[in-house]
Amino acid sequence: MTGPDPAAWPPATWPPAPITTARLVLRASGARDRAAFVELFSSPEVGTHTGGSRPREVLERMMPEVPGRHPGLFVVDLGGAMIGVVTFDRGDAERPGPGGGGAELGFLLLPEAWGRGYASEACAAALDWFAGAFPGEPLALRTRTANVRAMRLAAKLGFTEVERFEEYGAEQWSGVRPPAAPSG
């Protein structure tokens with residue numbers, strides 16, 4: 001897997017214009033999102049699927065005034081409030097799985113947003129953006145096998161299993177999504 005051209009990562013257009021879906025807006029982060037970032041990364045429920053949460057007091061002290069200001073991160077906004085993030089990151093060539101230094105999709109939502117289809121809606125819109133920004137590039141995704149919802153979403157988004165491995169004390173699933181043309 002080749003992944004995005006390092007010279008083109010991040011895209012020159014980052015952050016892109018906000019992406020609007022039927023219910024959501026995917027946008028760059030702002031200072032107003034700080035409390036939601038702290039909540040997201042300190043949530044024990046979210047931590048169950050990510051290898052652990054961070055202590056709230058540590059996050060409050062360490063979180064920048066404008067968190068999440070890096071290429072590849074979209075805030076998932078519902079009605080003017082952050083409910084999660086969708087990310088595109090460079091894969092770590094040293095980790096097991098198909099990342100190999102190419103692009104990897106990630107997503108986290110606050111627990112109160114689970115089960116309403118927001119992750120599916122946000123990821124589909126972000127994948128369309130990725131296909132337009134990096135035409136012809138494959139994409140990887142990793143999740144814990146115990147995260148049944150994430151496994152279902154990966155399949156729905158077109159990711160197919162490449163391998164399973166142990167990491168962070170749990171079985172992990174790795175999948176890839178072949179390059180696709182933007183649907184818009």
Side-chain angles (χ1 to χ4, degrees), residues 1 18-27 29 33 35-56 59 67-68 72-92 95-99 102-131 137-180 182-183:
M1 175 184 306
I19 300 168
T20 304
T21 71
R23 301 179 292 171
L24 306 170
V25 175
L26 278 62
R27 59 173 174 77
S29 66
D33 302 314
F37 270 94
V38 169
E39 183 64 30
L40 185 66
F41 293 114
S42 66
S43 166
E45 294 89 355
V46 173
T48 297
H49 302 295
T50 63
S53 59
R54 304 273 315 265
R56 178 179 292 281
L59 289 168
L73 185 140
F74 291 97
V75 163
V76 179
D77 182 305
L78 174 67
M82 178 183 149
I83 61 167
V85 295
V86 173
T87 61
F88 293 98
D89 290 305
R90 299 295 254 142
D92 181 351
R95 283 183 70 201
E104 291 185 28
L105 173 70
F107 56 93
L108 295 171
L109 294 181
L110 291 165
E112 57 268 22
W114 294 358
R116 296 186 171 100
Y118 297 137
S120 178
E121 189 174 328
C123 287
L127 288 169
D128 278 350
W129 170 82
F130 184 85
E137 294 295 336
L139 194 59
L141 184 146
R142 301 169 204 239
T143 190
R144 287 182 172 210
T145 56
N147 190 343
V148 175
R149 287 179 171 168
M151 297 279 293
R152 279 195 306 255
L153 179 56
K156 180 179 178 178
L157 294 171
F159 287 87
T160 56
E161 184 172 335
V162 173
E163 71 176 307
R164 293 179 186 218
F165 58 94
E166 287 287 320
E167 189 176 48
Y168 306 119
E171 184 181 49
Q172 307 291 321
W173 180 92
S174 290
V176 294
R177 183 176 191 258
S183 66

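Hydrogens, waters and symmetry mates play no part in the numbers below; they use all other heavy atoms, side chains included.
From L141, atom CG reaches atom CE of M151 across 9.5 Å, with rounding to the nearest 0.5 Å. Atoms CZ and OG, from F37 and S29 in turn, are 5.0 Å apart once rounded to the nearest 0.5 Å. Considering CZ of F130 and SG of C123, their distance stands at 13.0 Å, rounded to 0.5 Å. One finds the CZ atom of F165 at 9.5 Å from the CD atom of E171 (value rounded to the nearest 0.5 Å). The distance from the CD atom of E112 to the CG atom of L78 is 10.5 Å, given to the nearest 0.5 Å. The CG atom of D77 sits 9.5 Å away from the OG1 atom of T20 when rounded to the nearest 0.5 Å.
With D33 contributing its side chain and A36 its backbone, the two residues share no donor-acceptor pair below 3.5 Å. Side chain of R144 to main chain of T48: a donor-acceptor pair is present (N/O by atom type, distance under 3.5 Å, no hydrogens or angles). A donor-acceptor pair under 3.5 Å is formed between the side chain of Q172 and the backbone N or O of E167. Side chain of W114 to main chain of L109: a donor-acceptor pair is present (N/O by atom type, distance under 3.5 Å, no hydrogens or angles). Between the side chain of E121 and the main chain of R23, a donor-acceptor pair closer than 3.5 Å is present.
Counting only heavy atoms from C-beta outward, the side chains of W173 and N147 never approach each other to under 4.5 Å. No side-chain heavy atom of P55 sits less than 4.5 Å from a side-chain heavy atom of S42. The shortest side-chain heavy-atom distance between L127 and R177 falls under the 4.5 Å cut-off.
Taking each heavy atom of V76 and A122 in turn, the nearest pair found is CG2-CB, 3.9 Å. Between P178 and G158, the shortest heavy-atom contact is CD-O, 3.9 Å. The shortest non-hydrogen separation linking L110 to E39 is CD2-CG, 3.6 Å. Here the closest non-hydrogen pair linking A113 and Y118 is O-CD1, 3.4 Å. Taking each heavy atom of L157 and A124 in turn, the nearest pair found is CD2-N, 4.1 Å. The two residues L139 and E104 come nearest to each other via the heavy atoms CD1-N, 3.9 Å.
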Hey, mind stepping through I19 and F74 against side chain to side chain contact (heavy atoms under 4.5 Å, CB included) and telling me if it holds? CA-CA 9 Å; I19 300 168; F74 291 97; 3.7 Å; yes

Apply the test side chain to side chain contact (heavy atoms under 4.5 Å, CB included) to residues F107 and L153: give CA-CA distance (whole Å), side-chain angles for both, the deciding distance (0.1 Å), then the verdict. CA-CA 11 Å; F107 56 93; L153 179 56; 3.6 Å; yes

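Paired with L73 under the rule side-chain contact (heavy atoms from CB on, under 4.5 Å), one option of V86, L26, T87 passes, and it is T87.
No side-chain donor-acceptor contact under 3.5 Å links E163 and S174.
Aromatic ring pairs are classed by plane angle as parallel below 30°, tilted from 30° to 60° and perpendicular above 60°; the pair F88 and W129 is tilted.
Applying the 6.0 Å contact sphere to CZ of R54 captures no more than 12 heavy atoms from other residues, nucleotides or ligands.
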